[in-house]
Novice: 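Please see the structure below; I have some questions.
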Amino acid sequence: MSPAANASQAQRWNGDAARRWIAQRERHAAIRQRLTPHLSRAAAISPGNHVLDVGCGCGETTIAVARSTGRNGGVLGLDLSGPMLEVAQRLAAEAGVANIRFVQGDAQVYPLSPAVYDVIISSFGVMFFDDPATAFGNIRGALRPGARLAFLCWQDDLRNGVFSIPLRAFMTHTQLPDLAGDDLFADPRRVTDLLASAGFTDTRIEALHEPARIGSDVADVMAYVQDTSNVRELTAQLDDEVLVQRVLATMAEEFAARQHPDGVWVDAAAWLVTADNG
Ligand SMILES: C[S@@+](CC[C@H](N)C(=O)[O-])C[C@H]1O[C@@H](n2cnc3c(N)ncnc32)[C@H](O)[C@@H]1O
């Protein structure tokens, strides 16, 4: 593996976060289910294309891309996480796709071959760099002249039911620290500037709003949400069991209001970002 510029992320995605992500892999795929087709549309992959999937995780998107490129093309999945790549390898073998390769490395510094890819994609895998300008510069170097980048990232947490329903439940019962935060990827102007500084041109950013199936019923969703890092941290900070129970009751009511015959659906808001290499 290349030197870890993003040491804390490398630790996170090779430890507890990877274990939790793998355990919830199918739920996460269901949450993204209506968003992924927008990425496919923007990536516009043709047979024979060579594609890089940055932060490919367990490889579901990578495998779908491998099918689109056909035997004359192929895809490389790059990710920090050894455990998630093991799952990706297994899923690719089960799917019987041969034109796919996975490598463990940090996209910010990984020595990618220069000017070989027709398309670089990422499904929520580019939001974790210590130095995003260096990372996007490194990624751009792997694109052929005129080739394109297409990625998905989340809009502000408070616009996403997956994150906002738990956060607002805490806000109903307690004062939270300022949530405006410093999320570069939530702000399209900052993303445009970032990509320009890394040498990309013609950045387009489209707001996506889609329903996301977060679970089968309220009990299932509550078990999941209570195990997310945000909710675990806020619960620990609250340190008041009565208040915690009130927060959880409010959360459960909100999810119950979104119960449909086929599951609990919340609103998801993502950005679809595309840009060209010169
Ligand atoms: C939110 S998950 C998304 C995974 C997958 N693309 C999906 O849609 O299911 C983020 C992924 O980015 C990876 N990641 C984070 N920082 C990275 C970096 N610097 N280089 C490569 N991968 C990274 C993590 O290991 C994780 O697999």
Side-chain angles (χ1 to χ4, degrees), residues 1-40 42-43 51-66 75-92 100-112 120-142 149-155 157 160 162-163 183-186 194 198 208 210 212 228-230 268 270-273:
M1 185 171 157
S2 55
N6 296 286
S8 64
Q9 291 293 340
Q11 193 177 14
R12 174 181 173 206
W13 291 104
N14 283 283
D16 210 35
R19 186 182 58 72
R20 288 173 199 276
W21 186 278
I22 291 166
Q24 298 292 344
R25 185 178 70 75
E26 288 177 4
R27 184 190 308 274
H28 291 156
I31 289 172
R32 292 188 315 257
Q33 185 187 338
R34 304 273 178 105
L35 295 167
T36 309
H38 293 283
L39 179 60
S40 307
V51 181
L52 173 67
D53 182 1
V54 175
C56 64
C58 296
E60 294 98 331
T61 312
T62 333
I63 292 166
V65 167
V75 55
L76 176 69
L78 173 63
D79 202 285
L80 270 181
S81 172
M84 290 168 74
L85 288 177
E86 277 175 29
V87 176
Q89 298 275 15
R90 176 175 57 76
L91 294 178
I100 195 166
R101 210 159 56 81
F102 293 101
V103 64
Q104 186 177 9
D106 182 340
Q108 187 173 310
V109 294
Y110 188 81
L112 293 159
I120 295 181
I121 61 156
S122 181
S123 166
F124 304 100
V126 291
M127 308 174 312
F128 308 96
F129 301 126
D130 283 346
D131 181 347
T134 299
F136 278 94
N138 189 45
I139 291 167
R140 190 180 67 79
L149 167 74
F151 69 85
L152 291 170
C153 59
W154 292 118
Q155 294 190 32
D157 281 358
N160 271 298
V162 175
F163 313 114
D183 183 2
L184 188 163
F185 287 92
L194 165 67
L208 303 178
E210 291 287 359
T228 59
S229 54
N230 265 356
W271 300 116
L272 174 65
V273 181

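All heavy atoms count here, side chains included; hydrogens, waters and symmetry mates do not. Residues take their numbers from the sequence shown, with the count starting at 1. Both counts, for ligands and for their atoms, begin at 1 and track the order of listing.
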Novice: Parallel, tilted or perpendicular for W21 and H28, by the 30°/60° rule?
Specialist: tilted
Novice: State, to 0.1 Å, how close L91 and C58 come at their nearest heavy-atom pair, and which atoms those are.
Specialist: CD1-O, 3.4 Å
Novice: Give me each pair satisfying salt bridge (charged side-chain N to carboxylate O under 4.0 Å, His left out) with a member in residues 8-24, each pair once, sequence neighbours excluded.
Specialist: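 Residue pairs with at least one partner in residues 8-24: D16-R19, D16-R20, R20-D227.
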Novice: Under 6.0 Å between ring centres, would you say that holds for F185 and W154?
Specialist: no
Novice: Can you name the residues that come within less than 4.0 Å of ligand 1, going by heavy atoms only?
Specialist: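 Shell around ligand 1 (4.0 Å, heavy atoms): N6, W13, W21, R32, G55, C56, G57, D79, L80, S81, M84, G105, D106, A107, S123, F124, G125, F128, F129.
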Novice: Where the side chain of D106 meets the backbone of A5, is there a donor-acceptor pair that is under 3.5 Å apart?
Specialist: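 Yes, because the side chain of D106 sits within donor-acceptor range (under 3.5 Å) of the backbone of A5.
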Novice: Please assess L208 against L152 for the test side-chain contact (heavy atoms from CB on, under 4.5 Å), listing each intermediate value before the final yes or no.
Specialist: CA-CA 9 Å; L208 303 178; L152 291 170; 3.6 Å; yes
